[in-house]
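Below, chains carry the letters A, B, ... as their sequence lines are ordered, and counting in each starts from 1.
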Protein chains: 2
Amino acid sequence: MDVTQSLNLMIRKLEGFHPLSSADKDLLQHHSRTIREIPARQDIASEGDRPDFVYVMVSGFACRYKLLADGRRQIMAYMVPGDFCDFQVFILKERDHGIATLSNCKVVQIPAESVLELTERPAIARAFWWATLVDEATLREWLVSIGQREAEVRIAHLLCEMLMRLRAVGLVEGNSYSLPLTQADLADTMGMTVVHANRMLMSLREKDLIAIDGRQVTVIDVRRLEEFAGFNPNYLHLQAGSTPKPAARQAGDDKNPTLQPM
Amino acid sequence: MDVTQSLNLMIRKLEGFHPLSSADKDLLQHHSRTIREIPARQDIASEGDRPDFVYVMVSGFACRYKLLADGRRQIMAYMVPGDFCDFQVFILKERDHGIATLSNCKVVQIPAESVLELTERPAIARAFWWATLVDEATLREWLVSIGQREAEVRIAHLLCEMLMRLRAVGLVEGNSYSLPLTQADLADTMGMTVVHANRMLMSLREKDLIAIDGRQVTVIDVRRLEEFAGFNPNYLHLQAGSTPKPAARQAGDDKNPTLQPM
DNA sequence: CGCTCAATTGAATGAGCTCAAATCTCGTGG
DNA sequence: CCACGAGATTTGAGCTCATTCAATTGAGCG
C-alpha cells in the first residue's frame with residue numbers, strides 16, 4: 001500500500017468539498033508523515049485515553065465503539081481508507097469512546113498540535129469541518145436505521161452504504177467488496193443479537209439480494225437491494241459522478257489469518 | 001425573552017470551549033440580528049429545502065427528524081435555548097432532514113454567507129466546530145441508547161440528559177424542568193411505540209424516580225435515576241463547575257395552549 | 001357541551017432474545 | 001500430513017419485550 005496514494009485519497013476527499021491550494025496540500029502532506037501499522041482487533045485509541053492524535057485510515061477497517069457497564073458493545077461507525085478516525089482531540093481531556101481495528105490497518109498519525117496548526121488555514125479548517133459533518137450525517141442515518149427499520153432491512157441498508165462508500169475509494173469491483181467483520185461485529189453495529197444477525201443475513205441470501213463468500217460481500221442486484229433497504233445515499237454527500245479511478249487494493253489489505261469472517 | 005441575553009447564552013457556550021476576543025463576539029452579535037418566532041409543531045426548515053440559513057435557539061424546544069417512506073419518524077436531536085440548529089449549510093444542496101419546533105420558539109436566523117464570513121476567524125471557526133462535535137457526541141450516545149439499552153432505561157437516560165443540558169442554560173429549578181413533548185414525540189425519539197413509551201413512563205413514576213405534572217418533569221432522586229440509567233455525562237462536554245446564574249425563563253417560553261403535554 | 005388530541009389501559013400477536021448445541025474453518029503442534 | 005482446538009457460523013426451541021389493534025378516559029378549546 002502506497003502511503004502517498006492513500007494520502008491523496010484523504011486529500012481528494014477533502015477537496016471534494018472545498019478546493020485546497022497547493023500550499024494547503026503540501027502542509028497536509030507534511031503533517032502526515034508518521035504511519036502506524038496496527039493488527040486486527042486492537043484499540044487504536046481507548047476510552048479514557050488522552051486524545052493526543054488524530055488518525056487517518058490508510059488501509060483496513062476500523063470502528064468507533066462504546067462499551068456499557070454490563071459488557072454490551074455498540075459500534076457507532078466504521079472507518080475505511082481515506083476516513084478520519086476522529087477529531088475528539090479538541091474537546092476532550094479524555095476520550096468518551098474507543099477506536100479499534102477490525103482488520104489489520106495502516107493509519108497516519110497526526111499530533112494534536114499539527115491539527116491545530118492546520119486549522120489556522122480557513123480552507124483546511126472548513127474541509128475538516130465538512131468531514132465532521134459528513135460523519136455526523138452518517139451517524140444520523142444509523143440512528144434512523146436502528147430506531148425505525150426492522151432488522152433485515154437494517155442490515156440491507158448498511159450493505160448499501162458500504163457499497164457506496166467503498167466504491168468512492170475504489171475498493172469495489174463488480175458490486176463486490178471485502179467486509180472484514182464477524183457477525184458479532186455486525187450485530188453490535190445493528191443493535192441486535194449475533195443469532196438474529198445471522199438469521200437476517202441468511203434471509204437476505206435466500207432472497208438472492210446478496211452473496212457472501214468468506215469476507216467478500218457481493219450485491220447481486222443493487223437496485224433491488226436498495227429498494228428493499230429504502231436506501232437513499234444523499235446523507236453520504238458523495239460528489240455526484242466522481243467515480244475515482246481504481247485506487248489502492250481491497251480494504252482487508254493485509255493478511256488476517258486468524259480471523260474467520262462472515 | 002431578551003434577545004441579547006439569549007445570544008450571550010450561545011456565546012457563553014462557545015466560549016466554554018475556546019476564548020473569543022471582543023471583536024469575535026461583536027461579529028457574532030452583528031450577524032445575529034434577525035429573530036424569528038415560530039409556532040409549535042411547525043418546520044423551521046424542511047427536508048429538501050436549500051439550506052440558506054443557520055438557526056440558533058433563543059427559546060423553546062425544537063427537534064431534528066427524518067421521515068421514512070412508510071411514515072415512520074425518527075427524532076435525532078433536541079435543540080434547546082443556546083443550541084445551534086444545524087450547520088448543514090456547508091455540505092448540502094438540499095437538506096437531508098427536517099427541523100421542527102416542538103413548542104413555540106424564537107430563533108436567531110443567520111444567513112449562510114454570514115456563517116462563511118464568521119468562519120474566516122479561526123477562533124470562531126474552532127468554536128463552531130467544537131459545537132458540531134458536541135452534537136455528534138450526543139448523537140452517539142443516543143445511538144448507544146437505542147441500540148443497547150432497554151426501553152425503560154433509555155427513557156431514564158434521556159431524562160438525565162435533559163436535566164443536565166437544561167441546567168447548563170439555567171432552565172432547571174429544583175430538579176424540575178419543562179419538557180414540551182408529547183409521548184408520541186418521545187416514542188419517535190426512543191425508537192418505540194407510543195403505547196410502550198407510556199407504559200415505561202408509568203413504570204418510572206411507580207418507581208418514584210420521576211414525577212410528571214403536565215409538561216413539567218421532576219426528577220425525584222437524581223442519583224437513583226442516574227444509577228438506574230447508567231448515566232455518565234461525559235459525552236455532553238459541559239464545563240465542570242460552570243453553573244450559570246439563573247438565565248432566561250422556562251424552555252416552553254411562550255404559551256402553547258393547544259398542545260396537551262405528557 | 002361537544003370536539004379533538006393526548007394519555008392510559010387491555011389483550012393478542014410477533015419480532016427478536018436467550019440458551020444450547022452442532023457444524024465449519026483455519027491455524028498450529030505433533 | 002493429520003489431529004486438535006479456538007473462534008465463527010448455523011440451527012432449534014422456548015420465552016419476553018415490545019408491538020398492534022382497540023377502546024376508554026382526560027383536558028382544553030371553540
Participant: Check the distance between dA8(D)'s C1' and R41(A)'s CZ and give it to me in whole angstrom.
Facilitator: 10 Å
Participant: With sequence neighbours excluded, what pairs up with R199(A) under the side chain to side chain contact (heavy atoms under 4.5 Å, CB included) test?
Facilitator: V195(A)
Participant: Could you state the atom-to-atom distance from CZ of R149(B) to C1' of dA18(D) in whole Å?
Facilitator: 19 Å
Participant: Between dG16(C) atom P and Q148(B) atom CD, what is the distance in whole Å?
Facilitator: 15 Å
Participant: Between L201(B) (CG) and dT8(C) (P), how many Å, whole number?
Facilitator: 7 Å
Participant: Rounded to whole angstroms, how far apart are CD1 on I155(B) and P on dC17(D)?
Facilitator: 15 Å
Participant: Going by the rule side chain to side chain donor-acceptor pair (under 3.5 Å), which residues pair with T189(A) if we only count those two or more places apart in sequence or in a different chain?
Facilitator: Y78(A)
Participant: Check the phosphate of dA11(C) against R199(B), side-chain N and O only, distance under 4.0 Å to OP1 or OP2. Yes or no?
Facilitator: no
Participant: Taking CD1 from I212(A) and C1' from dC24(C), how many angstroms apart are they, rounded to a whole number?
Facilitator: 15 Å
Participant: Using modelled atom types only, decide if a donor and an acceptor are shared between the side chain of T218(B) and the backbone of S176(B) within a distance under 3.5 Å.
Facilitator: no
Participant: Who passes side chain to side chain donor-acceptor pair (under 3.5 Å) against R50(B), sequence neighbours left out?
Facilitator: D52(B)
Participant: Name the residue closer to the 5' end of DNA chain C, choosing between E152(A) and M202(B) according to the nucleotide with the nearest heavy atom.
Facilitator: M202(B)
Participant: Is D213(B) atom CG crowded by more than 12 heavy atoms from other residues, nucleotides or ligands, each under 6.0 Å away?
Facilitator: no
Participant: Near DNA chain D, under 4.0 Å by heavy atom, which residues of residues 187-197 of chain B?
Facilitator: G191(B), M192(B), T193(B), V195(B), H196(B)
Participant: Can you name the side chain to side chain donor-acceptor pair (under 3.5 Å) partners of E161(A), sequence neighbours left out?
Facilitator: W142(A), R165(A), Y235(A)
Participant: Taking only the side-chain nitrogens and oxygens of R205(A), find out if one of them lies under 4.0 Å from OP1 or OP2 of dT10(D).
Facilitator: yes
Participant: What I want to check is whether the side chains of E152(B) and S203(B) have a donor and an acceptor closer together than 3.5 Å.
Facilitator: yes
Participant: Rounded off to whole Å, could you give me the CE-to-P distance for the M200(A) and dG14(C) pair?
Facilitator: 15 Å
Participant: With respect to the side chain of Q183(B), which nucleotide from dA18(D), dT8(C), dT9(D) is positioned closest?
Facilitator: dT8(C)
Participant: Which nucleotide wins on minimum distance to the side chain of N198(A), given the candidates dT8(C), dT19(D), dT11(D)?
Facilitator: dT11(D)
Participant: Where the side chain of A151(A) is defined as all heavy atoms beyond and including C-beta, which of dA8(D), dT10(D), dG16(C) is the nearest nucleotide?
Facilitator: dG16(C)
Participant: Got a donor-acceptor contact below 3.5 angstrom from the R154(B) side chain to the R149(B) backbone?
Facilitator: yes
Participant: Over the length of the helix from dC1(C)-dG30(D) to dG30(C)-dC1(D), how much do the five-pair end axes diverge, rounded to 10 degrees?
Facilitator: 30°
Participant: Taking R64(A) for its side chain and G98(A) for its backbone only, find out whether a donor-acceptor pair lies under 3.5 Å.
Facilitator: no
Participant: E150(A) CD to dC17(C) C1': how many Å, rounded?
Facilitator: 16 Å
